[in-house]
Amino acid sequence: MIAIIDYNVGNVKSVLNACKRLGVTAVLTNSADEIVAADGVILPGVGSFGVAMKNLEKLGLISVLREYKKPMLGICLGMQILFERGFEGGEFEGLGLIKGDVKLIPTEQKLPHMGWNTLEKRDGDVYFVHSYMADYNEHTLDYCLYGDVKIPAIVGRGNVLGCQFHPEKSGKIGEEILKEWVALV
Amino acid sequence: MLKKRIIPCLDIMDGKVVKGVNFVDLVDVGDPVAIAMEYEKQCADEVVFLDITASHEKRRTIYDLIERAAANLSIPLTVGGGIRTIDDFRRALACGADKVSINSSAVANPNLIAEASAEFGKQCVVVAVDARGDDVYIKGGREKTGLDLIEWVTTCEKLGAGEILLTSMVGDGTQNGYDIEMTKKVAESVNIPVIASGGCGKIGDIIDVFKQTNCDAALVASLFHYGMATVDDVKIKMKEAGISCRRV
């Protein structure tokens with residue numbers, strides 16, 4: 001059983017749909033008990049960093065997630081809040097599960113960075129929609145190129161994995177990536 | 001490197017796909033969800049559902065169709081037609097749409113762009129603009145707004161639109177090719193993605209619009225609906241022409 005955290009940030013349904021397509025049992029929940037009891041947790045999210053953290057705080061889920069030991073997957077905004085700080089419309093504290101900050105993509109090109117871009121290591125195209133990005137550091141497992149900016153696309157540390165792109169919207173390759181994570185659960 | 005997108009557009013009326021020639025003569029070509037799934041298999045990068053009757057018959061978008069499509073697709077889905085309020089946005093997104101496109105309602109109430117952008121994020125706010133020359137039209141091209149095209153698209157960007165879906169009323173339904181001049185002008189005026197639409201009749205038209213303008217995506221209808229080409233056929237030609245695109 002996978003718990004998909006429902007914290008009023010949009011796009012949670014598409015993650016639930018993707019789990020269904022893979023034949024994985026998943027529930028939408030914001031109950032700490034259900035999250036703790038699940039075999040793994042997905043933190044989805046489209047929206048802004050500060051709002052996402054505030055919603056998690058209101059639901060009393062921040063410490064639950066910080067202390068979570070089973071596999072955790074953050075998607076898009078859900079990946080960004082895994083980091084220490086976010087600078088979208090202010091400065092906000094993140095979950096701090098992965099070292100680094102989330103800042104506006106330093107580019108002259110169009111923002112949002114929207115559409116299909118290539119995971120350079122995996123050599124496959126996945127769907128991105130975002131204007132902010134995590135620091136590129138030792139926790140960056142794969143990246144894509146936007147102009148000459150290296151955007152961290154898959155990040156990880158211990159039980160925590162994050163995708164800046166939307167695996168649930170990335171066709172076959174996205175399904176493969178989700179399947180690989182589900183296999184860890 | 002970011003890929004140029006090919007987006008099949010399904011004009012929908014009464015739950016069925018139609019394609020209007022100059023928005024008038026409508027010919028039924030089938031079930032939207034089945035067709036969208038077929039396009040995904042062919043390597044479509046996104047799909048657009050446009051409820052073309054919603055605007056003037058004041059019908060609401062067909063939400064169960066969105067739900068069924070979203071459950072079955074693993075590529076992004078944009079929904080437009082009859083979206084007037086923040087609640088309409090919320091409902092479409094809750095049903096599983098990834099983006100919502102607004103047209104007449106954005107002209108009537110530009111603040112809807114700002115509100116939706118603040119509430120749901122700019123990535124899901126697509127402003128569809130129908131234009132002829134420098135003039136913006138609404139209600140499926142039947143009503144001239146008096147707005148100047150470039151002023152309007154830059155206003156949309158400032159208000160928080162995440163993307164512009166630009167339809168040339170001159171080209172739409174004619175299959176004479178995209179309106180290169182208009183697309184070029186708009187794509188150079190804004191710093192958000194622009195989807196070219198209206199007039200695609202052959203693969204070469206898609207190559208032309210990507211080669212001659214800075215647009216990010218091409219919306220395609222008849223070419224695919226009538227089986228004159230598959231999305232894959234287009235991608236093969238794009239590759240040959242040196243246009244970066246996604247292949248499965």
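Here the structure is a predicted model, which is why all the values come from computation and not from measurement. Quick note on labels: first sequence line is chain A, next is B, and so on, each numbered from 1.
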Restricting to non-hydrogen atoms, name the atom on [X] and the atom on [Y] that form the minimum distance, rounded to 0.1 Å.
{"X": "I192(B)", "Y": "L111(A)", "value": "CG2-O, 3.6 Å"}
{"X": "V46(A)", "Y": "F120(B)", "value": "CG1-O, 4.0 Å"}
{"X": "V129(A)", "Y": "Q123(B)", "value": "CG1-CB, 2.9 Å"}
{"X": "P112(A)", "Y": "G162(B)", "value": "CD-O, 4.1 Å"}

Report which part of [X] has an atom under 4.5 Å of a heavy atom belonging to chain B: side chain, backbone, both, or neither.
{"X": "H166(A)", "value": "neither"}
{"X": "K13(A)", "value": "side chain"}
{"X": "S170(A)", "value": "backbone"}
{"X": "E175(A)", "value": "side chain"}

Is [Y] close to [X] at the side-chain level, that is, under 4.5 Å between some pair of heavy atoms?
{"X": "L2(B)", "Y": "Y146(A)", "result": "yes"}
{"X": "Y127(A)", "Y": "E46(B)", "result": "yes"}
{"X": "K99(B)", "Y": "M114(A)", "result": "yes"}
{"X": "R21(A)", "Y": "N72(B)", "result": "no"}
{"X": "N214(B)", "Y": "K110(A)", "result": "yes"}

Looking at L16(A), D125(A), T118(A), which makes the most heavy-atom pairs under 4.5 Å with chain B? D125(A)
Top residue by heavy-atom pair count (under 4.5 Å) with chain B, among S131(A), G115(A), G171(A)? G171(A)
Would you mind checking which part of [X] comes under 4.5 Å of any heavy atom in chain A, side chain (CB onward), backbone (N, CA, C, O), both or neither?
{"X": "D98(B)", "result": "side chain"}
{"X": "C245(B)", "result": "backbone"}
{"X": "A94(B)", "result": "backbone"}

Leading residue by heavy atom contact count with chain A [cutoff under 4.5 Å; candidates K122(B), K4(B), E119(B)]: K122(B)
Per-residue tally against chain A (heavy atom, under 4.5 Å) across P76(B), G96(B), G121(B), A70(B) peaks at P76(B)
Considering residues, nucleotides and ligands other than E176(A), do more than 12 of their heavy atoms fall under 6.0 Å from its CD? yes
Do K172(A) and S74(B) meet the criterion of a side-chain donor-acceptor pair at a distance under 3.5 Å? no
